[in-house]
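Below: the structure, in structure tokens.
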Amino acid sequence: MENIRKPLPRIREETRGFWEGCKRHELFVQRCKDCGAYRFPPALGCHKCGSENREWVKVSGKGDVYSFAIPRGNKPEGVHPAFAAEVPYAVVLVELPDAGGVHIVSNITGCRLEDIAIGMPVEVTYDDVTTEITLPKFRPSHDVS
Amino acid sequence: MIATNLAIPDLSFSVEIPHFGGSGCAMVAAAASAIVSGAATVVVCIRAIDAKAFQHAMRGPDRVRPFYLDSGDFLRPFGWSHAFFRHAVSLKRHMHEYGTTSEQIGRVIVAEREYGALNPRAMIRTPVTIEDYLHSEWFIEPLRELDMTPFNNDGACAVVVTSAKRAKDLKQRPAYIMAAVQSSGPYTQAWYEFPATIAYETAARTTAERLFRIANVTPQDIDVAEMYDCCSWEVLNMLEDYGFCERGGCGPFVAAGGIELGGRLPTNTHGGHLAEAYLHGVNHILEAVRQIRGTSSAQVKDAELAFVASAALPWPTSALILRR
């Protein structure tokens, strides 16, 4: 079981900008060049206008917890085996107001499970999981803005 | 192979519909189209499940189904392991926005387990109390183990579709298809995917608009509903999305006994996936037909219009309305 690795993202043409940004500890969200709609996850075309003209926008990484869920069961079909030892853990949806309000899925660090709350302000932090891949995670933000 | 074993000399129409649990009613829609177009005169819509094979496939590594995992790259590294994470976060948000409680959610389980107890075919025939529910184990909080179908049965079911003219001479009372539609809404969605900004609105909304318009009835005209239920939240979500109650109102609706026999909209009268068996929602179509025929184990008196909804995820989804 120790040899089972956590799934890593595959890098694709249209998502490369995001993952390269994470490696530099910067958060980029894709935006349609024609109608300005932000989208996440990154994609080839715009869900609003259908255009393939796209650009990467650097965002602050500040957001709010929109929702979350906590796997707590211990049945094998509950979670990916690489995560089994971490149960219970939280998966969060973070809303990014300066990225058109898109939601990004991640984990929260530096916070007890029982303290996670919808509406809680968070900010991005980076987890260099391999030499190639860095995952964006979120920690409670202490900004009052 | 099935056709050969039944000595069917020729198949003039044969399709497979993807989209997992969203496809059940879509099979009937496709069958009806084939009959109206003349491509076929009788169409059999089948679903069979081998529990072990199914569970293995659902836990399969990414390489088995890479084409479904476009946004899995943004989910799986964080421990979002399957579609029920999507249901869990949607439900959590709904509880926050509308005050939906665990006690209200549990009413779905209590109701469906009661229907299962009445159903001689059901895999699970023991009722559950709300106290049992509230003290039960978590699966992915806020979903509990009891909110989930066990996914552990083998089984098969079939729906035979033909023209109304042909059905007149048959032994059983026909259930007439008033409408059977598919719809995706603006976000098509595969198994793991999630749209960028929507937590709990689903393609059921666009399906509802088309379905009720074509059938020329309203949700209030429906006498009995069979809704895809791998977890309780799917039923609660669809009660709202299909307009059986207002957005945010699913908790009070079920708390008032709305889906129970004698309630405003008896739902999953066979016990659904939660109690009868997991057959990708096609067993729900069979139960709707029984309600029209008057042969259900939990018969709604004088049921005239029966509604069936396939899985709210993935999209496109599908739904149908039958009448006596």
Side-chain angles (χ1 to χ4, degrees), chain A residues 6-12 14-15 18-19 29 37-44 47-48 65-84 86-93 95 99-107 113 117-119 127 129 133 135-137, chain B residues 51 54-56 58-63 66 69-82 84-97 136-148 150-152 185-189 192-200 233:
Chain A
K6 286 185 181 178
L8 291 174
R10 298 160 306 169
I11 311 235
R12 320 244 297 207
E14 69 273 17
T15 69
F18 177 81
W19 298 113
V29 175
Y38 288 85
R39 57 187 183 244
F40 195 84
L44 283 169
H47 58 283
K48 283 231 147 73
V65 172
Y66 183 81
S67 190
F68 64 99
I70 300 175
R72 290 191 183 276
N74 48 19
K75 291 201 178 144
E77 56 270 15
V79 298
H80 189 283
F83 285 89
E86 296 181 22
V87 171
Y89 62 89
V91 168
V92 293
L93 235 66
E95 181 165 300
V102 298
H103 294 163
I104 177 171
V105 168
S106 188
N107 304 121
L113 284 184
I118 291 179
D127 187 355
V129 292
I133 298 287
L135 296 178
K137 305 267 172 94
Chain B
F54 180 78
Q55 289 212 18
H56 182 75
M58 286 299 107
R59 290 204 288 281
D62 297 354
R63 60 183 176 272
L69 296 175
D70 280 351
S71 66
D73 292 329
F74 297 88
L75 301 174
R76 287 162 78 77
F78 305 98
W80 175 303
S81 303
H82 49 67
F84 293 100
F85 281 81
R86 157 73 188 220
H87 291 311
V89 300
S90 298
L91 174 56
K92 185 72 177 177
R93 180 71 194 186
H94 195 276
M95 295 170 88
H96 171 83
E97 283 200 35
S136 64
E137 305 240 337
W138 293 114
F139 170 52
I140 304 171
E141 190 188 341
L143 288 171
R144 297 173 190 270
E145 289 287 346
L146 276 180
D147 285 305
M148 306 296 303
F151 290 111
N152 62 1
Y187 296 103
T188 54
Q189 192 185 40
Y192 290 95
E193 287 185 343
F194 66 105
T197 58
I198 300 172
Y200 50 73
W233 166 239

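Here is how names work: the chains are called A, B, and so on, in the same order as the sequence lines, proteins then strands, and each is numbered from 1.
Residues B:Phe74 and A:Phe40 meet the side-chain proximity criterion, which asks for heavy atoms closer than 4.5 Å.
When the side chain to side chain donor-acceptor pair (under 3.5 Å) test is applied to A:Asp127, the partners found at least two apart in sequence or on another chain are A:Lys137. Scored by the side chain to side chain donor-acceptor pair (under 3.5 Å) test, A:Glu86 finds A:Lys6 as partners (sequence neighbours excluded).
For A:Pro136, the parts sitting under 4.5 Å from any heavy atom of chain B are the backbone and the side chain alike. Only the side chain of A:Tyr89 comes within contact range of chain B, with heavy atoms under 4.5 Å apart.
Within the cation-pi definition used here (under 6.0 Å to the ring centroid, within 45° of the axis), A:Arg72 does not qualify as a partner of B:Phe139.
Of all the listed residues (A:Ile118, A:Val92, A:Val129, A:Leu135), the one sharing the greatest number of non-hydrogen pairs under 4.5 Å with chain B is A:Ile118.
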